[in-house]
Protein chains: 2
Amino acid sequence: MWTTRLLILGLVRWLQPVHGYDVLRELMSWGVADWAGVQRGSIYHGLKKLAADGDLAVVKVEQVDNRPARTVYRMTEAGDRHFHTLLREKLWGSAATSPDFLVAWSFVPVLSHREAAAMLRNRAGLLRDAYGELQAKLEHRGSDPTEPDFLPAHVTARLQLMLRHTQIEIDWSAETAKRIEAGELYDESDDRRTRDGASHWRDGIQRLDAHGRHRPKP
Amino acid sequence: MWTTRLLILGLVRWLQPVHGYDVLRELMSWGVADWAGVQRGSIYHGLKKLAADGDLAVVKVEQVDNRPARTVYRMTEAGDRHFHTLLREKLWGSAATSPDFLVAWSFVPVLSHREAAAMLRNRAGLLRDAYGELQAKLEHRGSDPTEPDFLPAHVTARLQLMLRHTQIEIDWSAETAKRIEAGELYDESDDRRTRDGASHWRDGIQRLDAHGRHRPKP
DNA sequence: TCATCATTAATCAACTTTGACCAAGTTCGC
DNA sequence: GCGAACTTGGTCAAAGTTGATTAATGATGA
């Protein structure tokens, strides 16, 4: 899945140098299993595959006591290029209400306000098209079950649900474009600033368990 | 993916005896690639796996002229049991706004009005719980980036989007439960009736191409 | 009439996902 | 102070997905 690759690339980019278990814990704390369908096994596979493809590089393999060895990764230049390509692809391209957009949205502060707002307005347009298509399907449907344009009632109920979801998504995109332009969502320099200041974030990961839950006390 | 299995089981159940290409065309005409993420290759794999697992049985392999041979399937009793298990599991179990529920919803006329309405009210309950959790996350979030309950603004924007989607889903579930009880969505005898009368539906499939599009003229 | 393209019904290799499992160490309840 | 349960950091085989490809035929069009 491309969502897995994007999540891993994005996180290694923030946290590098970083080992697999930390990436795992951070992603689990985001709840990606719930809203993006990414499971633990996929993350280790993804790290290896990205390393084999040259998007990540292995910095070292650490051994602490007799614990399992940690593999520490960093991003390559090619990886950074691929991250940007993938991010744009998912943000600009996916109209449907799928996890793809939400996953890519996690890394939206990488974009300038200008680009982010443009992307959201483009998305609103795509969604309006999708809305129109759904509406068309609902409107000129036949009532004769033998005709090809006939739709069973429970199917039209599903289409109505999808229609409402699409409307929500259109509104949110338009509103959020405005909020970004007003500077409400993130600082434009956020990308570099947060990458430099990611240290206390990294400390936070140490207080997560393998399911991404916060631990009571150290 | 379980969605793939459920879709195939459901369709073979309606249309049996049926060959893979007809299942493919029907599913593509439903647009499952768009809203359920099921691609052509997965369908043939699914048919084979289900046959290997004993949920489907191969009736015969047809050869028309020199065309590729068609493998014709029917459902076994075990397959029917698994279909019912899977259908209930996906309808009663999945709270999140995922394709799982929508896929299972395709076969809701298999259930009695009573069970369908109960299922939808149960779902509304699960969704209200999810709504509460999202809200809690949004409310007691800290504003200090070094604290573990801090959420960046673009993440809270995503949560707000998810909240609205959840609300839509709650409303739709409640409304649709009422509509089903009023007998608006399907006849209670629909399952057997339509299975017997599936013949003109089967004819309709012959006018679809491999992408599920209706062809202009025969 | 000949080249080109779509249709039909599938197969296949490459890739990805999944979740059970491992093995040493640590913490917890009682 | 003992066994149960969890943590750590990962591996692995089995399963699932993907989309390019096949090979014969029918339709289209210049």
Side-chain angles (χ1 to χ4, degrees), chain A residues 1-8 18-28 32-33 36-53 55 58 60-73 99 205-218, chain B residues 1-8 18-28 32-33 36-53 55 58 60-73 99 205-218:
Chain A
M1 204 84 104
W2 286 106
T3 53
T4 313
R5 290 172 95 91
L6 181 55
L7 284 169
I8 294 173
V18 66
H19 55 88
Y21 193 60
D22 273 0
V23 172
L24 174 79
R25 287 194 290 188
E26 179 66 8
L27 283 181
M28 289 304 121
V32 288
V38 173
Q39 257 66 30
R40 8 180 341 136
S42 317
I43 291 169
Y44 286 106
H45 170 82
L47 285 166
K48 277 188 192 164
K49 194 63 194 2
L50 286 167
D53 292 354
D55 287 351
V58 173
K60 60 183 167 183
V61 177
E62 277 177 353
Q63 185 82 39
V64 180
D65 303 333
N66 268 343
R67 305 200 159 288
R70 309 165 150 170
T71 313
V72 178
Y73 297 91
I205 297 180
Q206 306 312 314
R207 286 192 292 274
L208 298 173
D209 70 9
H211 308 281
R213 290 175 305 218
H214 270 280
R215 255 165 318 185
K217 275 287 163 189
Chain B
M1 204 82 107
W2 288 106
T3 55
T4 313
R5 290 173 95 91
L6 181 55
L7 283 169
I8 294 173
V18 66
H19 56 87
Y21 193 59
D22 272 0
V23 172
L24 174 79
R25 285 194 292 188
E26 180 66 9
L27 283 180
M28 289 304 120
V32 288
V38 172
Q39 256 68 29
R40 5 180 346 134
S42 317
I43 292 171
Y44 286 106
H45 170 83
L47 285 166
K48 276 190 192 162
K49 195 62 195 2
L50 286 167
D53 292 353
D55 287 351
V58 173
K60 59 183 168 184
V61 177
E62 278 179 353
Q63 186 80 39
V64 180
D65 303 334
N66 270 341
R67 301 199 162 290
R70 305 163 153 172
T71 311
V72 178
Y73 297 91
I205 297 179
Q206 305 313 312
R207 287 192 291 275
L208 298 173
D209 69 10
H211 307 282
R213 289 175 305 218
H214 273 279
R215 254 159 325 179
K217 273 290 164 190

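Only heavy atoms go into these numbers, but all of them, side chains included; no hydrogens, no water, no symmetry mates. Keep in mind the model is a prediction, meaning the values are calculated, not measured. First the proteins, then the strands, lettered A, B, ... as listed; each starts at 1.
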Mind calculating the distance between [atom1] ([X]) and [atom2] ([N]) to the nearest angstrom?
| X | N | atom1 | atom2 | value |
| --- | --- | --- | --- | --- |
| B:I43 | C:dT8 | CD1 | P | 15 Å |
| B:L24 | C:dT8 | CG | P | 10 Å |
| A:E26 | D:dT8 | CD | C1' | 18 Å |
| B:R40 | C:dA9 | CZ | P | 12 Å |
| A:L47 | D:dT11 | CG | C1' | 14 Å |
| B:M28 | C:dA9 | CE | P | 15 Å |
| B:I8 | D:dA15 | CD1 | P | 16 Å |
| B:D22 | C:dT8 | CG | P | 10 Å |

Working to the nearest 0.5 Å, report the span between [atom1] of [X] and [atom2] of [Y].
| X | Y | atom1 | atom2 | result |
| --- | --- | --- | --- | --- |
| A:H45 | A:R5 | NE2 | CZ | 7.5 Å |
| B:H19 | B:K60 | NE2 | NZ | 9.5 Å |
| A:L47 | A:D55 | CG | CG | 11.5 Å |
| A:T71 | A:K48 | OG1 | NZ | 8.0 Å |

Check every atom of [options] against the side chain of [X] and return the nucleotide holding the closest atom.
| X | options | value |
| --- | --- | --- |
| A:H45 | C:dA9, C:dT16, D:dG10 | C:dT16 |
| B:Q39 | D:dT11, D:dT8, D:dG19 | D:dG19 |
| B:Y44 | C:dA9, D:dT8, D:dG10 | C:dA9 |
| A:R70 | D:dG9, C:dG19, D:dG16 | D:dG9 |
| B:Y21 | D:dT11, C:dT17, C:dA9 | C:dA9 |
| A:T4 | D:dT17, C:dA10, C:dT17 | C:dT17 |
| A:R5 | C:dT16, D:dG10, D:dT11 | C:dT16 |

Short side-chain N/O contact to [N] OP1/OP2 from [X], under 4.0 Å:
| X | N | result |
| --- | --- | --- |
| B:K49 | D:dT17 | no |
| B:T71 | C:dA10 | yes |
| B:K48 | D:dG16 | no |
| B:H19 | C:dT8 | no |
| B:S42 | D:dT18 | yes |

- Within-4.5 Å side-chain heavy-atom neighbours: B:M28 and B:I43: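 Yes; the side chains approach each other to less than 4.5 Å.
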- Task: Please examine the side chains of A:K49 and A:I8, heavy atoms only from C-beta on, and report whether any two atoms are closer than 4.5 Å.
- Result: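 Not touching, per the 4.5 Å side-chain cut-off.
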- Query: Looking across every strand, which nucleic acid part, if any, lies under 4.0 Å from B:G41 by heavy atom: base, sugar-phosphate, or nothing?
  - Reply: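 Counting heavy atoms under 4.0 Å across all strands, the contact made by B:G41 includes a base.
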